[in-house]
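Working notes, structure below.
Note: hydrogens, waters and symmetry copies are ignored here, and every other heavy atom, side chains too, is used. Letters A, B, ... mirror the listed sequences (proteins, then strands); counts begin at 1.
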Protein chains: 2
Amino acid sequence: MAKTDTDTRERIVATAAKLFYMSGVRAVSMDAIAEKADLTKRTLYYHFRSKDDLIAAYLEERDHPNLALFQRWYEESPGTVADKVESLFRNLAQTARHTKWRGCGFLRTVAELADMPGHPAVKAATVHKKRVEDWLAETLEGPIPHADSKILAQQVMLLMDGAFAAALTHRDPRYMETAGKAASTLIRAAQAGSSAA
Amino acid sequence: MAKTDTDTRERIVATAAKLFYMSGVRAVSMDAIAEKADLTKRTLYYHFRSKDDLIAAYLEERDHPNLALFQRWYEESPGTVADKVESLFRNLAQTARHTKWRGCGFLRTVAELADMPGHPAVKAATVHKKRVEDWLAETLEGPIPHADSKILAQQVMLLMDGAFAAALTHRDPRYMETAGKAASTLIRAAQAGSSAA
DNA sequence: CATTGTGTATTCATTGGTCGGTATACTTTT
DNA sequence: AAAAGTATACCGACCAATGAATACACAATG
């Protein structure tokens, strides 16, 4: 089978992603991944140099789909920017109601690897969060004249990360919705402020 | 030495706290704690039934001092409630500049133990976060007539947790200050809203 | 027939947790 | 008051299980 090995590789990443997300990257062993992906550890180490590499691959692979989902939620929702952002948080709340929801995989990985700032997975998480923030900043730039849309995007991100953390801590998705309300309040305040000045 | 052995116990918790906070609860072994505390593992297990118990003790012991520090920061700062809360975030930003800063120990432990919602340490973290939120709600209740001070307290907490997460992810304490600005904006908006209605 | 991909078996360190033993101090018995 | 018991607080050595990672072997493809 000297074909494109993307199949196996993808299966490994998909399996690892599931396990890493559910239990945390440190709690999941390579043995567990191998077993769940129905192949041996040797094959794992053929496709990935180390566990750390696999963890990084897990987050890198999650970057695009995650951002795309946010964008879809945003675009498909009607109303003002404030409404659209608030709706994004409502969608987030909805996902948080699933039994298998375990917060934000990026944040949880950063939390677990807090003592390894240079870890490739941490870098992947940083890049992802920045990407979402940048997208928000662009999106807000139009409707928010003058006011620093970058700051506002950061504040929305802060509320989003906080919502992930709080909803996970208290096992209560309503924190997501509360965060959404806060976000729309901030956006409207920024609009009012800029038009007044 | 059939005296109160609180000495040793405290030393264990203090040592464990340092290690758990620095590297995460799953990354630190009981052997490592024993060695750092300069005693044998047998003694560890004399004072704590299991590692999970020790993790829980670590967070339980951190609850009070943490809250007390927030309260002190709040009380010692001048100005309006909005100013005081913003100052709290500035103090948080200051701590985040220390080399040994690794985010919020409570949140990071919850993130690590996301697959064990019943874990005593997770409960301790939940209790702590709720306690801070309740204190904030009380504090805001006076100056915020009518407006739901509880919701506002939740929003400030969301910003705080988000600030911990973002500042850790990007290794940039300025997220803390941005969060503080957002918090004071929300508080002022709530005050304006309630006086208008 | 060599390169790619996979399986078997193994290595060696580390993990959470335990067994048995000991020294000290406080209490009870004599 | 001395002897004997008892609870506290500790240690050295150990264990079965598991961790990440590898050495070696072999099948399929082109």
Review point. Quick one: side-chain hydrogen bond (donor to acceptor under 3.5 Å, both in side chains) partners of B:R174, sequence neighbours excluded?
Key: B:D172
Check your understanding: Does NZ or CZ of A:R108 come closer than 6.0 Å to the centre of the six-membered ring of A:Y21, within 45° of the ring's axis?
Key -> yes
Check your understanding: D:dT8 phosphate, OP1 or OP2: any side-chain N/O from B:H47 under 4.0 angstrom?
Key -> no
**Study point:** Results of side-chain hydrogen bond (donor to acceptor under 3.5 Å, both in side chains) for A:T139 - residues two or more places apart only
**Key:** A:W135
Practice item. Measure the distance from OH on B:Y45 to C1' on D:dA13 and round it to the nearest whole Å. Key: 16 Å
Check your understanding: CZ of B:R49: more than 12 outside heavy atoms within 6.0 angstrom?
Key -> no
Listing time: all N or O pairs from protein to nucleotides 20-22 of chain C that are below 3.5 Å?
unit_1 : atom_1 : unit_2 : atom_2 : d
C:dG20 : O6     : B:R42  : NE     : 2.9

Practice item. List in numerical order all residues of residues 49-58 of chain A for which some heavy atom is under 4.0 Å away from an atom belonging to DNA chain D. Key: A:S50, A:K51
**Study point:** Nearest non-hydrogen partners of A:A56 and A:P120, listed with the distance
**Key:** CB-CB, 3.7 Å
Show me the donor-acceptor pairs, under 3.5 Å and distance only, between side chains in residues 24-33 of chain B and residues at least two apart or in other chains.
unit_1 : atom_1 : unit_2 : atom_2 : d
B:R26  : NH1    : A:S23  : O      : 3.3
B:R26  : NH1    : B:E112 : O      : 2.6
B:S29  : OG     : B:A32  : N      : 3.0
B:D31  : OD1    : B:K41  : NZ     : 3.4
B:D31  : OD2    : B:K41  : NZ     : 3.4

Point to revise | Contacting residues from residues 27-40 of chain B, given that a heavy atom lies under 4.0 angstrom of DNA chain C | key: B:V28, B:S29, B:M30, B:D31
Practice item. Compare side-chain N and O positions of B:T8 against OP1 and OP2 of D:dA9 and report whether any pair is under 4.0 Å apart. Key: no
Point to revise | A:E138 with A:R131: basic N within carboxylate O range, under 4.0 Å | key: no
Atom pairs, protein N/O to nucleotides 15-17 of chain D N/O, distance under 3.5 Å:
none

Practice item. May I ask you to say whether B:R11 pairs ionically with B:D7, meaning some side-chain N is under 4.0 Å from a carboxylate O? Key: no
Exercise for review: Just say parallel, tilted or perpendicular for the rings of A:H128 and A:F70, cut-offs at 30° and 60°.
Suggested key: tilted
**Study point:** ring-ring contact (aromatic ring centres under 6.0 Å, His included) involving B:F89 - partner list, sequence neighbours excluded
**Key:** none
Review point. For A:Y175, which residues count as a side-chain hydrogen bond (donor to acceptor under 3.5 Å, both in side chains) partner, sequence neighbours excluded?
Key: B:E133
Point to revise | Nucleic acid contacts - residues 13-21 of chain A versus DNA chain D, non-hydrogen atoms under 4.0 Å | key: none
Exercise for review: Apply the side chain to side chain contact (heavy atoms under 4.5 Å, CB included) test between A:L186 and each candidate in A:V156, A:L152, A:L158; give the one that qualifies.
Suggested key: A:L152
**Study point:** B:D161 with B:K129: basic N within carboxylate O range, under 4.0 Å
**Key:** yes
Point to revise | Whole-Å distance separating the CG atom of A:L44 from the P atom of D:dT22 | key: 13 Å
Revision key, fill the gap. Atom CZ of A:R26 and atom P of C:dT15 are separated, to the nearest Å, by 11 Å
Review point. When the distance from CZ of B:R9 to P of D:dT8 is rounded to whole Å, what number comes out?
Key: 15 Å
Practice item. For atom CD of B:E35, decide whether the heavy atoms of other residues, nucleotides or ligands shown that lie under 6.0 angstrom number more than 12. Key: no
Point to revise | side-chain contact (heavy atoms from CB on, under 4.5 Å) involving A:T43 - partner list, sequence neighbours excluded | key: A:T8, A:L39, A:T40, A:H47
Check your understanding: Got a sec, which residues hit side-chain hydrogen bond (donor to acceptor under 3.5 Å, both in side chains) with B:D52, two or more places apart in sequence or on another chain?
Key -> B:H119
Point to revise | Value in whole Å for how far the C1' atom of C:dT6 lies from CZ of A:R11 | key: 11 Å
**Study point:** Atom-pair distance (CZ on B:F48; P on D:dA9), nearest Å
**Key:** 13 Å
